[in-house]
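One structure is given here, and the rest of the page talks about it.
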Amino acid sequence: MSSNFPLTHEELVKLTEKFPTPFYIYDEKAIRENMRYFTKAFSIFPEFREYYAVKACPNPYILKILAEEGCGTDCSSLPELMLSKMVGLKGDFVMFTSNETPASEYKYAQAEGDIINLDDITHIDFLKESLGKLPETICFRYNPGQAKHGCNSIIGKPEEAKYGLTREQMIEAYRICKENGVKKFGLHTMVASNELNPDFFVDTAKLVFELVLEVKEKTGVKISFVDLGGGVGIPYREDQKKVDLEYVARKIHELYESLIVPAGLDPMRICFECGRPITGPYGWLVTKAIHEKHIYREYIGTDSCMADLMRPGMYGAYHELTVSGKENAPKDHVYDVVGSLCENCDKFAVQRPLPKIDRGDILIIHDAGAHGRAMGFNYNGKLRAGELLLRENGEVIQIRRRETIDDLFATLDLEVVKNFK
Ligand SMILES: *Cc1c(COP(=O)(O)O)cnc(C)c1O
């Protein structure tokens, strides 16, 4: 996806004079258009809703843009719930899909009327103890175990994954909740990450719809919404193809017509909680080549590191990398493009054919708009990059400043340290 960077070389050079590298930049117009495409693809379901996974890009400016486009949020922690509230989202626009959750976080979600998605059957009692009673709406996360094969490596095999309830537990959980006066029910599953095969999502929907029917048959509970999770991949590599969401929607709709409607369960809301395909392709990490090194391999050292973008180091993930102003130059050099961390996995690109890179060149790391800055950390005393937003009118604004040393030391009491003997 190297072609979609929204600034020319001259514009980018000028921008780096105002905002020194490294920084993230997001394209508001592209994010809005993409969100409209996503919604339109699923408009075949009248009550469709996307809950943007906040963890992918926990910046309130981005969340506000998405909320304006009709999105809710999917949250995994208290700060993410708070960010949602900050941008005016609550109630059934907020899905709280957490695990190993403290009582205080359930209390906050309950007070806002957010939808609580439970990760285990024992959490029914935990929730009841935490809140005094069960909420009116409850959702459960289904782990299909061996019933779902062909899952990919980030989440792994469902039967080895820590998430969700077994099929038998799902039935039992709805029964218990119904007896305890819960009025509205949801069913959630998420069994893949960064999956590019559209049929994978169709198969998942089938599995989930069949369970919805089984729940109704065995407990009388009518599921009113189904959350098919996230996991829709993006083409990080140029030879990969975008998931055809219109195809996915049409196929899931066929299943809906053949399974859900005859069972008298229509209308049932279909939801997704995608992060990656919403903002991933429309955010970039911009860094500068500050060193070159010639040993057994050719290295380019950048002013960023995996503390800003850890996917390559952590998963060996591929991110397209372009050299600003050299987009059309021949790729006649092979480099490892590396960061400054004391970890040899800190490489943005490994043995990558690229144009000749000179010190001072601006490097653009693509598809970093989801699970990019959000996964950053401070190991090695690294300060995380800030975030910029390219507005629809062409203006660029800062939506998060970069971290400072004061931020890094903020959890230390330096006066006490001074007097410590
Ligand atoms: C990570 C996650 C998501 C978002 O995944 P993407 O790959 O960014 O779409 C959604 N739901 C849950 C429960 C998650 O853990």
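As the structure lists them, so they are numbered: ligands from 1, and atoms in each ligand from 1. On a predicted model such as this, the values are computed, not experimentally measured, just so you know. Numbers here are sequence positions counted from 1.
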Fill in: salt_bridge(Asp303, Lys288) N-O dist < 4.0 Å
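Salt bridge between Asp303 and Lys288, a charged N being under 4.0 Å from a carboxylate O: no.
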
Discussion item. So if I apply the side-chain contact (heavy atoms from CB on, under 4.5 Å) rule between Trp284 and each of Leu7, Asn4, Thr322, which one comes out positive?
Written reply: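 When side-chain contact (heavy atoms from CB on, under 4.5 Å) is applied between Trp284 and each of Leu7, Asn4, Thr322, only Asn4 qualifies.
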
Are the aromatic rings of [X] and [Y] close, with centres under 6.0 Å apart?
X: Tyr174; Y: Phe185; value: yes
X: His188; Y: Tyr142; value: no
X: Tyr108; Y: Phe96; value: no

Worksheet item: Within a radius of less than 6.0 Å around CD1 of Ile405, do more than 12 heavy atoms belonging to other residues, nucleotides or ligands occur?
Response: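 Check fails, neighbour count at 12 or below.
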
N or O contacts of ligand 1 with protein under 3.5 Å, please list pair by pair.
residue  : atom   : partner : partner atom : Å
ligand 1 : 8 (O)  : Gly275  : N            : 3.4
ligand 1 : 8 (O)  : Arg276  : N            : 2.8
ligand 1 : 8 (O)  : His371  : NE2          : 2.6
ligand 1 : 9 (O)  : Gly231  : N            : 3.3
ligand 1 : 9 (O)  : Gly275  : N            : 2.8
ligand 1 : 9 (O)  : Arg276  : N            : 3.4
ligand 1 : 11 (N) : Asp74   : OD2          : 3.2
ligand 1 : 11 (N) : Glu273  : OE2          : 2.6
ligand 1 : 15 (O) : Lys55   : NZ           : 2.6

